[in-house]
Colleague: 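Dumping the structure here so I can ask a few things about it.
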Amino acid sequence: MKITIGSDHGAVELKDAVKKVLAEFDVEINDVGTFGNAAVDYPDIAEKVCAEVVSGNSERGIVLCGTGIGISIAANKIKGIRCALCNDVFSAKMSREHNNANVLAMGGRVLGFGPAGEIVRAWLTTDFSGDERHNRRIAKIFALENN
Ligand code: RB5
């Protein structure tokens with residue numbers, strides 16, 4: 001699986017920690033930055049990561065900012081993206097099982113590296129249930145995109 005990851009300046013250290021967790025899996029990592037402490041705008045990072053997911057170049061994306069809020073809001077403006085802001089393992093699992101989330105968001109100023117790692121592990125190892133009711137609801141999300 002190929003995963004594109006990106007963060008603003010509020011989560012550069014978390015991005016490095018998440019990349020170490022991703023290395024536990026059979027995952028190709030595409031890091032689109034940012035790489036230093038200079039301030040960048042999280043919508044630009046969301047756009048870069050999500051472009052890779054929407055194009056099919058990456059199967060999934062991970063977006064990070066200080067809280068995870070701004071970058072998840074931005075990601076969810078992009079057609080085809082179902083971005084889940086997860087601060088706990090249960091939400092991470094449900095975002096895959098029920099919502100088939102293709103992008104995970106977390107906050108570098110919210111989560112410690114340990115809990116974030118567990119969230120990433122859960123998110124990577126949980127499959128979409130494929131249940132009819134969840135497919136129906138996701139289809140309604142697609143319909144909202146086209147309204
Ligand atoms: C940047 O200072 C901060 O606003 C950003 O990382 C994020 O927390 C926004 O939601």
Colleague: Which residue is it: Ile73, Ile71, Ile69? I am looking for the one with a side chain to side chain contact (heavy atoms under 4.5 Å, CB included) to Tyr42.
Modeller: Ile71
Colleague: Would you say Glu145's side chain and Gly80's backbone share a donor-acceptor pair under 3.5 angstrom?
Modeller: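 Yes.
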Colleague: Keeping Asp8 on the side-chain end and Gly10 on the backbone end, is there a donor-acceptor pair under 3.5 Å?
Modeller: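 Flag set: sc Asp8 to bb Gly10 pair under 3.5 Å.
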Colleague: Would you mind telling me which of Ile3, Ile78, Asn102, Val63 makes a side chain to side chain contact (heavy atoms under 4.5 Å, CB included) with Val53?
Modeller: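 The passing option is Asn102.
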Colleague: Is there a donor-acceptor pair under 3.5 Å between the side chain of His9 and the backbone N or O of Val40?
Modeller: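 Yes, because the side chain of His9 sits within donor-acceptor range (under 3.5 Å) of the backbone of Val40.
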Colleague: Applying salt bridge (charged side-chain N to carboxylate O under 4.0 Å, His left out), name anything that partners Glu118, two or more places apart in sequence or on another chain.
Modeller: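 Listed in chain order: Arg121.
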Colleague: Is it the case that one hydrophobic cluster holds both Met106 and Met94, taking links as side-chain heavy atoms less than 4.5 Å apart, direct or via other members?
Modeller: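 Not linked; separate clusters.
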Colleague: Tell me the closest heavy-atom pair linking Ala46 and Ala75, and the distance in Å.
Modeller: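 Scanning both residues completely, I find the closest heavy atoms to be CB-N, 3.9 Å.
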Colleague: Should Met1 and Phe25 be counted in the same cluster of Ile, Leu, Val, Met, Phe, Trp and Tyr side chains packed under 4.5 Å apart?
Modeller: yes
Colleague: In Å and rounded to the nearest 0.5 Å, what is the CZ to OG distance from Arg82 to Ser72?
Modeller: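 These two atoms lie 15.0 Å from each other.
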Colleague: Which pair of non-hydrogen atoms, one from Ala105 and one from Cys83, has the smallest distance, and what is that distance?
Modeller: CB-SG, 3.7 Å
Colleague: Kindly compute the distance separating CG (Asp16) from CD1 (Ile5), expressed to the nearest 0.5 Å.
Modeller: 8.5 Å
Colleague: When you measure from the side chain of Lys15 to the backbone N and O of Thr34, does any donor-acceptor pair fall under 3.5 Å?
Modeller: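 Between the backbone of Thr34 and the side chain of Lys15 there is a qualifying donor-acceptor contact (under 3.5 Å).
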Colleague: Other residues, nucleotides and ligands only: do more than 12 of their heavy atoms fall within 6.0 Å of NZ on Lys48?
Modeller: no
Colleague: Which heavy-atom pair separates Val103 from Cys50 by the least distance, and what is that distance?
Modeller: CG2-SG, 4.4 Å
Colleague: Would you confirm whether Asp41, through its side chain, and Asp44, through its main-chain N or O, come within 3.5 Å as a donor-acceptor pair?
Modeller: no
Colleague: Applying the 4.5 Å side-chain criterion to the ILVMFWY set and letting contacts propagate, would Leu64 and Phe113 be lumped into a single cluster?
Modeller: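 Same cluster.
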Colleague: Around Glu47, counting heavy atoms of other residues, nucleotides and ligands shown, do more than 12 lie under 6.0 Å from its CD?
Modeller: no
Colleague: Is it the case that more than 12 heavy atoms not belonging to Lys19 sit under 6.0 Å from its NZ atom?
Modeller: yes
Colleague: Would you give the length of the straight line joining atom NZ of Lys2 to atom CG of Asn57, rounded to the nearest 0.5 angstrom?
Modeller: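 Between Lys2 NZ and Asn57 CG, I get 5.5 Å after rounding to 0.5 Å.
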Colleague: For the CD atom of Glu132 and the NE2 atom of His134, what is their distance to the nearest 0.5 Å?
Modeller: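 Here the rounded value is 10.0 Å.
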Colleague: Are Val89 and Ile62 grouped together when hydrophobic residues (ILVMFWY) are joined by side-chain heavy atoms under 4.5 angstrom apart?
Modeller: yes
Colleague: Between Thr126 (side chain) and Trp123 (backbone), is there a donor-acceptor pair under 3.5 Å?
Modeller: no
Colleague: Lys79 versus Asn146: any side-chain heavy-atom pair under 4.5 Å?
Modeller: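 The answer is yes, as the side chains (C-beta and beyond) meet within the 4.5 Å cut-off.
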Colleague: So, taking the atom named CD in Glu28 and the one named CG in Leu22, what distance separates them when rounded to the nearest 0.5 Å?
Modeller: 12.0 Å
Colleague: Quick one: CG on Asp131 to CD1 on Ile138, what's the gap to the nearest 0.5 Å?
Modeller: 10.0 Å
Colleague: Would a hydrophobic clustering, with Ile, Leu, Val, Met, Phe, Trp and Tyr connected at side-chain separations under 4.5 Å, put Leu104 with Leu14?
Modeller: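 The answer is yes; both residues are in one hydrophobic cluster.
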Colleague: What are the two closest non-hydrogen atoms of Leu85 and Thr67, and how far apart are they?
Modeller: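 Distance-wise, the nearest heavy atoms are CD1-O, 3.9 Å.
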Colleague: For a quick test of reading the model, state the closest non-hydrogen atom pair linking Ser95 to Ala92 and the distance between them.
Modeller: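 Result for this residue pair: OG-O, 2.8 Å.
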Colleague: Can you tell me if Asn99 uses its side chain to pair, donor with acceptor, with the backbone of Ala101 under 3.5 Å?
Modeller: no
